[in-house]
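Only one structure is covered here, and it is reproduced in the block below.
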Amino acid sequence: METGTISIDECSGGFDLYRTLESGQTYLWRRSDGEMYGGTPASDAWYTTVVSSGGTGDGDVIRVRTRDGRLEWESTTDAEALVRRLLRLDDDLEEIVAAGPDDPLLHEAYEAHHGMRLVQDPPFGCLISFICSAQMRVSRIHTMVTTLAREYGDAVAFDGETYQAFPTPDQLATATEAELRELGLGYRAPYVVRTAEMVANGEAHPEAARGLEYEDAREYLTQFVGVGDKVADCVLLFSLGFDEAVPLDTWIKSAIEEYYPDCDRGSYAATSRALRDSLGGEYAGYAQTYVFHHLRTGE
DNA sequence: ATAAGGCCTAAGAG
DNA sequence: ACTCTTAGGCCTT
């Protein structure tokens, strides 16, 4: 086992592990002391994920927790750089907040959820997670993703326990619609199967959107089955580094009605563009995530 | 390009 | 206990 610690003091703008991983951005981590989204974790609880080793062999297990102002990690590999990337610890959050617009709702959200960062999920797992997210509560999305990992992913041993990796495209493409309906995915079942097949057979890959202009990248992702504008924006924001992406979900739409009525331009693209400008452009997605979480939790 | 209707189902509200 | 509604939309027509 390899271990290490990262000083949270050195993370500009702070870092809150709980807020980052339980804010509905990622569904690829599990908490050691029970179900997520049901209250704050125990102070010594670990969050664990399994990432592809990038080649042959099993994936790497990574677990993290915060203790005494430091982020502790334990892993099957030297994971510091990976942890920094997945949790975006090198983002200058203070600068991002300062660069945002002088907006009362945004100030309130930044204040209430200090230290929440964007995540950077692996693209395929993120894509499937948000296909599952349609009309679904965060706790159920997490259950569905956990079930997919259990049924189709590799088991990886670490420190006397077994963890389930999220399935590869090839693995998930072996699933049938009937199986996934049986597992509770409902009408999303065929979407997941067909998208996994598209990635597995090389027809398209979410990673390929990375090099495109923002709106072209969103258009590219919508070719996957079960992916509309909103899900595409989530993948761009939470996985592919498009910090300007602003997913228009039900919470943000209600925020537009109440706080940004001028941004309602009819179509998704035009409204998204207007809200992106109102939220500061380059890091609009960061602002969106704070506003979304602020409204959803009512905190 | 935009507008309705249908869709799975667990879990909370009434 | 039982019904009704809702949940970070998408696909087809």
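In what follows, chains carry the letters A, B, and so on, assigned in the order in which the sequence lines appear, proteins first and then strands, with residues in each chain numbered from 1. Predicted, not measured: the structure shown is a model, and the values here were computed from it. All heavy atoms count here, side chains included; hydrogens, waters and symmetry mates do not.
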How close do [X] and [Y] get, counting heavy atoms only, and between which atoms?
X        : Y        : value
A:Asp44  : A:Arg67  : CB-NH1, 3.5 Å
A:Asp121 : A:Cys126 : CB-CB, 3.8 Å
A:Leu93  : A:Gly13  : CD2-O, 3.7 Å
A:Ile252 : A:Pro247 : CG1-O, 3.8 Å

Could you please name the partner base of B:dT2, counting Watson-Crick and G-U wobble pairs only when both distances are under 3.5 Å?
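Per the H-bond distance test, none.
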
Using both distances under 3.5 Å as the test, list the Watson-Crick or G-U wobble partner of B:dC8, or none.
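Base partner found: none.
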
Nearest whole angstrom, please: distance from the [atom2] of [N] to the [atom1] of [X].
X        : N      : atom1 : atom2 : value
A:Glu177 : C:dC11 : CD    : P     : 14 Å
A:Arg194 : C:dT12 : CZ    : C1'   : 12 Å
A:Tyr37  : C:dA7  : OH    : C1'   : 14 Å
A:Lys230 : C:dC11 : NZ    : P     : 13 Å
A:Arg181 : B:dC7  : CZ    : C1'   : 8 Å
A:Asp249 : C:dA7  : CG    : C1'   : 12 Å
A:Arg218 : C:dG9  : CZ    : P     : 16 Å
A:Gln135 : C:dT5  : CD    : C1'   : 12 Å

For a quick check of understanding: with a heavy-atom distance under 4.0 Å over all strands, which category does [X] fall into, base, sugar-phosphate or nothing?
X        : result
A:Thr222 : nothing
A:Gly184 : nothing
A:Val227 : sugar-phosphate
A:Ser139 : nothing
A:Gln288 : nothing
A:Phe238 : base

Electrostatic pair A:Arg31:A:Glu35 at N-O distance under 4.0 angstrom
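Result for this pair is no, no salt bridge flagged.
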
Which nucleotide in [options] has an atom nearest any side-chain atom of [X]:
X        : options               : result
A:Val231 : B:dC8, B:dA10, C:dC10 : C:dC10
A:Arg137 : B:dC8, C:dG9, B:dA10  : B:dA10
A:Ser267 : B:dT2, C:dG9, C:dT6   : B:dT2

hbond_proxy A:Arg188 side chain to C:dC10 base (donor-acceptor, 3.5 Å cutoff):
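No.
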
Between the base of C:dG9 and the side chain of A:Tyr191, is there a donor and acceptor pair under 3.5 angstrom?
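Check fails, no donor-acceptor contact within cut-off.
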
If I pick the P atom on C:dT13 and the same atom on B:dC8, what distance separates them, to the nearest angstrom?
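After rounding to an integer number of Å, I get 15 Å for this pair.
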
Looking at A:Trp46, does the NZ or CZ of A:Arg63 lie under 6.0 angstrom from its six-membered ring centre and within 45 degrees of the ring axis?
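Output yes; distance and angle both within limits.
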
For B:dA10 and A:Arg140 - does any side-chain N or O of the residue sit under 4.0 Å from the phosphate oxygens OP1/OP2?
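Answer is no, no contact under 4.0 Å.
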
